[in-house]
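Here's the structure we're looking at; comments come further down.
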Amino acid sequence: MLPNNVNLVEVGPRDGLQNENAVTLEDKIRLINRLSQSGLKHIEAGAFVSPKWVPQMAESDQVFKQINSNNDVIYSALTPNLAGLERAIECGVKQIAVFGSASETFCQKNINCSISQSLTRFESVIALAKQHGMNVRGYLSCTMVCPYEGVITPVQAVNVAKKLFDMGCYEISLGDTVGKATPNRVESLLNQTLQHLPKKAVAVHFHDTWGQALANIYQALTMGINTIDSAVAGLGGCPYAQGASGNVATEDVIYLCENLGIETGVELATINQAGWEICRSLAKRPISKVALALGDPYALKN
Ligand code: HMG
Ligand code: MG
């Protein structure tokens, strides 16, 4: 049965912009401020990762210090280790996310350690975050397909998801990092996951590289999942997953949900405006089909 409402987690300023080189600090701040006016309740605003690994996120400290925070919005950040968490604390970040993988090879490529080493690292990150009253989200990459290892079984993914949950992550976001999964794989993964995790602790995070994201989201919705990650304008990708293009577009998810009678609480027009604005700064067009159908509100006005 479809849920009555969904929580959208906007990952564009992090998952989207981590793959873009030509973004200024001002562009990032303008984007987050605009998104903050849309009704979104959760915006992933940056990542405290190594600037040598992902230079695009090096300014996250400044981003968090300079945005106009809306009290109704959670602004979270990725923190792979204690060094990242300490930076987050220093900037007053209230919620963080750790990010692991169901695939050994992807884990090595993305965070330079094995799955078991990553879990050990996360334990200390989660413990310190909790001391600071922070909620911790857990991401799991390559839950169905890995760019290096191919198909990942639901059992492999659920094993790590369960560990992250047991360690204290309030929600596990199941990622299709390279966007190759199809609804049958989503169904198997969620069937297994929901035997071990409560539904409210499960989110889905689909990249649209192979054009399957909306179909996969529909599959997840029919299974009662009501937290969906998406990125304005369909920005996105992962520098350590070759070929991983944009996340599913927030505009497209809102359109789908609204027409299914599922409330998002987010204004499509504001997201569309934010998407065209950041794309103008990036000198490209949105990937979102809905944004293209609606058109650029600035160009339409002038
Ligand atoms: P490492 O090189 O193994 O770490 O990186 P290290 O501890 O040996 O440190 C090396 C250097 O980095 C040192 O500096 C540290 O101080 C510095 P040096 O002594 O050489 O001058 N360093 C840091 N600096 C700032 N902030 C930090 C930090 N940590 C170390 N937090 C590490 C290990 C995890 C840090 C690195 O591999 C890394 O940053 N990886 C992040 C990769 C990343 O951001 N990937 C994209 C996000 S994940 C994603 O997109 C998937 C997701 O969307 C879900 C999905 O789609 O599946 C979430
Ligand atoms: Mg991602």
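Heavy atoms only: backbone and side chains are in, while hydrogens, waters and symmetry mates are out. Along the sequence shown, the residues carry numbers beginning at 1. Counting convention: from 1, in listed order, for ligands and their atoms alike.
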Answer side chain, backbone, both or neither: which part of S50 comes under 4.0 Å from ligand 1, heavy atoms only.
both

Structural part of Q108 in contact with ligand 1, heavy atom criterion under 4.0 angstrom:
neither

Number the atoms of ligand 1 from 1 as they appear, then name those within less than 4.0 Å of a heavy atom of V49, with their elements.
25 (C), 26 (N), 27 (C), 31 (N), 39 (O), 41 (C), 44 (O)

Counting only heavy atoms, which portion of N110 has something under 4.0 Å from ligand 1: side chain, backbone, both, or neither?
both

Whether over 12 other heavy atoms sit under 6.0 Å from Y298 OH
no

What do we get for H207 next to ligand 1 when only non-hydrogen atoms under 4.0 Å count, side chain, backbone, both or neither?
side chain

What part of L78 sits under 4.0 Å from ligand 1 if we count only heavy atoms: the side chain, the backbone, both or neither?
side chain

Give the atom numbers and elements of ligand 1 that come within less than 4.0 Å of a heavy atom of D15.
50 (O), 53 (O)

By the definition salt bridge (Lys or Arg N to Asp or Glu O under 4.0 Å), identify the one residue from E277, E267, E10 that meets it with R34.
E277

Of all N/O/S atoms in D15, the name of the one nearest the Mg ion (ligand 2)
OD2

Below a 4.0 angstrom heavy-atom separation, can you tell me which part of V54, side chain or backbone, both or neither, approaches ligand 1?
side chain

Surrounding CZ of R87 (heavy atoms of other residues, nucleotides or ligands, distance under 6.0 Å), is the total greater than 12?
yes

Which is it for Y139 and ligand 1 at heavy atoms under 4.0 Å: side chain, backbone, both or neither?
side chain

Would you mind listing which atoms of ligand 1 come within a distance below 4.0 Å of any non-hydrogen atom of S141?
51 (C), 54 (C), 55 (C), 57 (O)

So with a 6.0 Å cut-off around OH of Y255, is the heavy-atom count from everything else above 12?
no

Have a look at V125, N81, V178 and point out the one with the heavy atom closest to atom 28 (C) of ligand 1.
N81

More than 12 heavy atoms of other residues, nucleotides or ligands under 6.0 Å from CG of N4: is that the case?
no

If we set the cut-off at 4.0 Å for heavy atoms, which region of R121 has an atom near ligand 1: side chain, backbone, both, or neither?
side chain

At a 4.0 Å threshold, what atoms of ligand 1 neighbour a non-hydrogen atom of P80?
34 (C)

What atoms in ligand 1 come closer than 4.0 Å to a heavy atom of K52?
14 (O), 18 (P), 20 (O), 21 (O)

Is the Mg ion (ligand 2) less than 2.8 Å from at least one N/O/S atom of D229?
no

Heavy-atom pairs closer than 4.0 Å: do any link ligand 1 to the side chain of T177, the backbone, both, or neither?
both

For the Mg ion (ligand 2), the closest N/O/S atom belonging to H207:
NE2

Any heavy atom of R14 closer to ligand 1 than 4.0 angstrom?
yes

In terms of its nearest heavy atom to atom 56 (O) of ligand 1, the top option of H205, R87, Q18 is H205

Contact with ligand 1 for P51, non-hydrogen, under 4.0 angstrom
yes

